[in-house]
Amino acid sequence: MKLKRAASIALAGAMAMSLMAVPAFAETNSAGTQNTGKAYDVNVQNHTYKAYQIFKGTQAGVGQPLGNVEWGSGVDGARLLAALKDDQKIDGLDFSNCTTAQDVAKVLTGANTTDETLARAFAAVAYKFKTDAAAIDLGTESTTTIERTANTDGSVSYSGDGISKGYYLIEDTTDVTPGTDGKEDAKNLTVLQVANTITIKSKAQYPTIEKKILDPDEKDVNEASMGEDVQYELKSTVPDTKAYTEGYYFYMSDMQSKGLTLDENSFVVTVGDKTLTKDTDYTVTVEHSTDPADTIDYITTDADWPTAFEINFNNIQNYTAGQAIKVTYKAELNKDAVIYPASNPNKVNLHYSNNPNEDYGGGHQPGEKPTKPTGETPWDEVKTYTTGVKLQKTDSTGKFTDALKDAEFTLTTTDGMKYAVVTTNAFTEDANGTYYKLTDGTYTTTAPTDATTSNYASTTTKYKNATTTNVTNDGKTTTTVTAKVDPVSGQIRSWRWQVYTD
């Protein structure tokens with residue numbers, strides 16, 4: 001038997017011990033794949049888009065600016081101009097003296113519009129005044145007027161008669177339904193100056209999350225004894241959020257099964273080398289199934305999953321894309337832990353903004369399901385196993401005899417270790433039962449025949465299998481325990497002797 005701490009068990013009298021051991025487990029998550037906790041660029045070649053012509057005009061040559069600029073068909077130019085001059089001003093771009101589309105184009109051309117922050121800020125304003133009826137659909141296949149090319153650098157290009165010279169806003173129209181078959185994804189948004197060809201590169205990322213048990217190295221599966229703390233680690237990465245000029249949601253949801261008791265004071269959260277401050281940089285919201293309030297309204301806690309928590313990052317955009325995010329915390333394996341071969345699971349998933357066209361200002365309200373679109377990763381699950389000992393008292397020949405019925409014995413532990421004793425009495429005499437007892441102490445539903453009579457302890461006495469379980473001495477540190485042998489089976493009432501440390 002494999003336990004986290006060695007336990008010295010002295011047994012008074014002769015015993016035969018049957019041990020249950022946990023085998024080696026493959027370290028993969030519940031989906032059968034290996035998570036990394038990293039952020040990934042959006043795969044633009046799998047996405048669909050709409051193109052809105054903001055400006056139209058002429059072009060002297062490839063790479064040259066537009067001339068004779070007018071408002072394009074894809075935007076309400078008058079309203080866009082008014083917004084740029086009034087309530088939608090963009091730091092670094094001065095549109096105060098603009099009266100025409102040509103004026104706005106000059107400001108964009110003259111400014112450092114290679115600065116992605118400025119380009120995205122302009123895109124966010126232009127998006128509010130786009131004209132849907134004039135949108136150009138850019139799908140995943142070529143059409144009679146638009147040729148689609150998947151480029152070797154991961155980008156995708158659209159050209160042909162269906163796209164005239166102009167300055168375009170590109171809207172990602174992909175369905176990125178969260179949490180479905182592992183479809184972690186996000187939308188892409190950019191503004192391009194083009195000459196009959198629109199080339200779209202990834203300008204957004206979607207994050208992932210990974211859960212591990214620290215035992216002490218990272219594991220997906222471990223063993224522990226009742227009363228022992230299990231250390232968990234959640235890993236993710238700060239995504240590239242430059243496309244999101246109006247805030248970004250980023251929060252983790254975690255659930256513990258009934259055999260785990262969350263230590264609410266054990267959280268440590270880091271981004272890069274910085275240790276974050278609770279209630280300033282992040283918040284923790286906990287829900288218990290026994291609480292009358294539904295603290296986290298998008299999670300259902302119940303008898304099997306009685307505890308959940310949410311970690312909400314108050315402003316993930318304060319950090320540099322690519323920095324490692326780590327959350328560690330502890331949970332104790334409690335008396336409700338199930339015994340091997342069943343496991344005690346713990347799982348996490350991640351919610352994040354996935355559409356840069358939306359206004360995510362104000363942040364996610366802890367415990368509330370947001371009304372804004374968000375992506376959601378599949379649950380990543382880890383498992384903890386615990387084991388038990390089943391003892392049977394026999395005579396010197398290895399058989400159970402009537403002389404051993406109700407015999408008392410003592411189990412002794414050392415070093416003041418805790419234990420829980422679980423006794424199970426499965427078979428009892430019953431005239432309507434379907435079991436017969438064999439001479440070796442086991443039971444069968446096969447009725448005796450003349451040829452097999454000698455194999456049965458009795459050919460007339462019947463038994464029923466009605467399991468009853470009783471937990472005694474849970475969490476005690478008494479060094480000795482006295483119990484009786486089951487008068488029917490000879491087993492020490494199928495004891496699970498759980499030994500564990502403080």
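For reference, positions follow the sequence shown, starting with 1. In this text, all values refer to a predicted model and were calculated from it rather than measured experimentally.
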Would T285 and N312 satisfy side chain to side chain donor-acceptor pair (under 3.5 Å), going step by step from the backbone distance to the final call? CA-CA 8 Å; T285 304; N312 183 48; over 6 Å; no
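- For Q365, the side chain to side chain contact (heavy atoms under 4.5 Å, CB included) partners at least two apart in sequence or on another chain are E368.
- Taking the ring centroids of F250 and F313, they lie under the 6.0 Å cut-off.
- The side chain to side chain donor-acceptor pair (under 3.5 Å) search around Y127 returns E171, not counting sequence neighbours.
- Judged by a 6.0 Å distance limit and a 45° cone about the ring axis, K347 is positioned over the six-membered ring of W305.
- Side-chain contact check for N43 versus S202: every heavy-atom pair is 4.5 Å or farther apart.
- A donor-acceptor pair under 3.5 Å is absent between the side-chain atoms of T149 and the main chain of N151, judged by distance alone.
- Between H351 and Y298, the ring centre distance stays below 6.0 Å.
- Taking the six-membered ring for Trp and the full ring otherwise, Y329 and F267 have centroids separated by under 6.0 Å.
- Contact detail for P356 and K187: the closest heavy-atom pair is CD-O, 3.6 Å.
- The ring pair (Phe, Tyr, Trp, His ring centres under 6.0 Å) check on Y435 picks up F427, with sequence neighbours excluded.
- Not one N or O on the side chain of N346 forms a donor-acceptor pair closer than 3.5 Å with the backbone of V382.
- Under the 6.0 Å distance and 45° angle rule, K212 does not count as a cation-pi partner of Y232.
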